J.: 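Take a look at the following structure, please.
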Protein chains: 2
Amino acid sequence: MKQKNELLSKNQQVVFELIEKANEPLKAYSILSNVQKKGIKAPLQVYRALNKLMEIGKIHKIESKNAFVACTNNSCKISKASAFYICETCEDISEVNDSKLTKYLSSFKGNNDMKVNKYNLEFFGLCKNCRVR
Amino acid sequence: MKQKNELLSKNQQVVFELIEKANEPLKAYSILSNVQKKGIKAPLQVYRALNKLMEIGKIHKIESKNAFVACTNNSCKISKASAFYICETCEDISEVNDSKLTKYLSSFKGNNDMKVNKYNLEFFGLCKNCRVR
DNA sequence: TTATTATTGTTATAATATAACATTTTATAA
DNA sequence: TTATAAAATGTTATATTATAACAATAATAA
Ligand SMILES: [Zn+2]
Ligand SMILES: [Zn+2]
Ligand SMILES: [Zn+2]
Ligand SMILES: [Zn+2]
C-alpha cells in the first residue's frame, strides 16, 4: 500500500515532517528556521508547502495563532471541517474528533440561507492540567 | 437610559462608528486610513481601540480574514461566543444568531477534558445570492 | 514527443501587529 | 478635595506574517 507521504513533493515533505513531529503548533518563520539545513531558504517556499498541505488536509492552520498543526483526524483529510481545543494557559492545542459535532456543524443551517461547505471552530478554555494546578 | 457608546473613549468611539457603519469587515490599516481625518494617526491607536472593542464584545475579529465587524447579536456582548457565515464568493459575512448552536457549543465537552469558556466558529460557503447566479 | 501542470528558487515588498516609552485623562477612594 | 491608581493616548521604531513577480525545472499526460 502506497504511503501517503510519497505523494508529497520534497519541500512539502520536509515541512510536513517537521510539523508532524512537533508537539505544538508551529509558526511559518519558525518552520523556516528549522528547515534551512534541509535547503529551504525563503519564506515563500514554506508558505507554498503549507498551503498545499492545508489544501490536502494534512495540516490545519490555527487561525487565532497563525500557526500550523498536523491533522490528527483522518476524517477531515478533505480539509472541510476542523475544530480545536486551545488551552488559554499552556497554549496546548488538540484537534477535536467528535463525529456528532462534525455532523451537526456540517449540516448546520441556522437562520441563514448559506450552503455551508466548510467550517473552522476554535474552542478556548483550560485543559485538565492547567485546571488542576 | 444611558447609551452604550458613552462608555467608549474617543478613539474607541471613532473606530467603532466606522466599523458599525461599514457593511463589510474592515481591516486595521483600512480603518486607520479612514480615521486619520479624525485625528488617529498611528496603527497602534487603531489596534488598541480594536482590542478594547473586542474585549467588551462590541466587535469581533474574523480570524480567517484579519478583519473586524460589529457585533449584531446582543447576546454575545460578553464576547465569549461568536460564529459567522462567510461567503467564499462575494466575501459577505454575517453573524450567526442561533441560540441552539450557542448552547450546544458553549456546553460542548467532546472527547477532551477541557473546560470551554469561549469559542469562535467560521462557516464558509455560498450565500443565497451567489448560489442563484 | 510535446504540451500542460505542479513545483522550485530567488529577490523584493506588502500587510499585519507589537514593543517601548512618555504623557494625559479619567476614575476611585482617602 | 486631593492624592492615587487605572485607563487611554501619542509617537517612533520595529517585529511578524504573508504575497508579488519573474525565471527555471521537474513531473504528468495526451
Ligand atoms: Zn484534521
Ligand atoms: Zn493548559
Ligand atoms: Zn456578536
Ligand atoms: Zn456570496
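Here is how names work: the chains are called A, B, and so on, in the same order as the sequence lines, proteins then strands, and each is numbered from 1. Just so it is clear, the structure is predicted and the values come from calculations on it, not from any experiment.
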J.: Can you tell me if A:Lys65 touches the phosphate of C:dA17, counting only side-chain N or O atoms and a distance under 4.0 Å to OP1 or OP2?
T.: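 Looking at the OP1 and OP2 atoms of C:dA17, neither is under 4.0 Å from any side-chain N or O of A:Lys65.
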J.: Both B:Ile40 and B:Asn66 contact DNA chain D. Taking the nearest nucleotide for each, which residue is further toward the 5' end?
T.: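 The residue whose closest nucleotide sits nearer the 5' end is B:Ile40.
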J.: So, does the side chain of A:Tyr29 form a donor-acceptor pair with the base of D:dA15 at under 3.5 Å?
T.: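 Counting by modelled atom types and ignoring angles, no donor-acceptor contact under 3.5 Å is found here.
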J.: Whole angstrom is fine here: how far is it from CG in A:Leu44 over to P in C:dA6?
T.: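 Taking atom P of C:dA6 as the reference, CG of A:Leu44 is at 17 Å.
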J.: Between C:dA15 atom C1' and B:Lys61 atom NZ, what is the distance in whole Å?
T.: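 After rounding, the reported distance stands at 12 Å.
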J.: Verify the contact: side-chain N or O of B:Ser9 to OP1 or OP2 of D:dT9, cut-off strictly under 4.0 Å; return yes or no.
T.: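 True: B:Ser9 side-chain N/O within range (under 4.0 Å) of D:dT9 OP1/OP2.
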J.: So, is B:Gln12 near the phosphate of D:dA8, with a side-chain N or O under 4.0 Å from OP1 or OP2?
T.: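 Answer is yes, contact under 4.0 Å.
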J.: Please give, in whole Å, the distance from D:dA7 P to B:Leu7 CG?
T.: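 Distance, rounded to whole Å: 14 Å.
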J.: Could you tell me whether the phosphate oxygens of C:dA6, OP1 or OP2, come under 4.0 Å of any side-chain nitrogen or oxygen in A:Lys10?
T.: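 No, no such contact exists.
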J.: If you only use heavy atoms from C-beta on, which nucleotide in C:dT10, D:dT12, C:dT8 is closest to the side chain of A:Asn11?
T.: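 Minimum distance to the A:Asn11 side chain belongs to C:dT8.
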J.: Students often mix this up, so state it plainly: with edges at 30° and 60°, are the rings of A:Phe123 and B:Tyr119 parallel, tilted or perpendicular?
T.: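 Because their plane-to-plane angle is over 60°, the rings of A:Phe123 and B:Tyr119 count as perpendicular.
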J.: Is any side-chain N of the basic residue among B:Glu91 and B:Lys65 closer than 4.0 Å to the acidic one's carboxylate O?
T.: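 Result for this pair is yes, salt bridge flagged.
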J.: How close or far is atom P of C:dT7 from atom CZ of A:Phe16, stated in whole angstroms?
T.: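 Nearest whole value for this atom pair: 16 Å.
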J.: Could you check B:Ser30 against A:Pro43 and say which one's nearest nucleotide on DNA chain C is further toward the 5' end?
T.: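 Counting from the 5' end, the first nearest nucleotide belongs to A:Pro43.
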J.: In whole Å, what is the span from the NZ atom of A:Lys27 to the C1' atom of D:dA15?
T.: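 Rounded to the whole Å, the gap is 11 Å.
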J.: Between C:dT16, C:dC21, C:dG9, which nucleotide gets closest to the side-chain atoms of B:Arg48?
T.: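 Looking only at heavy atoms from C-beta outward on B:Arg48, the closest nucleotide is C:dC21.
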J.: Rounded to whole angstrom units, what separation is found between the CG atom of A:Leu32 and the C1' atom of D:dA15?
T.: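 Going from A:Leu32 (CG) to D:dA15 (C1'), I get 15 Å.
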J.: Measuring only between side-chain heavy atoms, which start at C-beta, is B:Val96 closer than 4.5 Å to B:Leu101?
T.: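 Contact flag for B:Val96/B:Leu101 side chains = yes.
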J.: Can you tell me if A:Lys52 touches the phosphate of C:dA6, counting only side-chain N or O atoms and a distance under 4.0 Å to OP1 or OP2?
T.: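 A:Lys52 to C:dA6 OP1/OP2: no side-chain N or O under 4.0 Å.
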J.: Any side-chain N or O of A:Lys41 less than 4.0 Å from the OP1 or OP2 oxygen of C:dG9?
T.: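 For C:dG9, OP1/OP2 do not have a side-chain N/O of A:Lys41 under 4.0 Å.
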J.: Do B:Val69 and B:Phe84 have side-chain heavy atoms sitting under 4.5 Å apart?
T.: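 Sidechains of B:Phe84 and B:Val69: in contact.
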J.: With nearest nucleotide decided by heavy atoms, which residue, A:Asn51 or B:Gln45, maps closer to the 5′ end of DNA chain D?
T.: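 Upstream on the strand: B:Gln45.
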J.: From the options C:dT16, C:dA17, D:dA18, select the nucleotide whose nearest atom is closest to the side chain of A:Ala28.
T.: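 So the side chain of A:Ala28 is nearest to D:dA18.
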J.: Counting side-chain heavy atoms from CB outward, which of D:dA18, C:dA19, C:dT8 is closest to A:Tyr47?
T.: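 Nearest nucleotide to the side chain: D:dA18.
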J.: Is any side-chain heavy atom of A:Ile93 closer than 4.5 Å to one of A:Tyr85?
T.: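 They are not in contact (no side-chain heavy atoms under 4.5 Å apart), so the answer is no.
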J.: Does the side chain of A:Glu122 come under 3.5 Å of the side chain of A:Ser64 through a donor N or O and an acceptor N or O?
T.: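 Note: A:Glu122 and A:Ser64 side chains meet the donor-acceptor criterion.
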J.: What's the CG-P distance between B:Leu26 and C:dA15, to the nearest Å?
T.: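 For the pair B:Leu26 CG and C:dA15 P, the rounded distance is 16 Å.
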J.: Take the protein atom CD of B:Gln36 and the nucleotide atom C1' of D:dG10, then report the distance between them rounded to whole Å.
T.: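 Rounding to the nearest Å, CD of B:Gln36 and C1' of D:dG10 are 14 Å apart.
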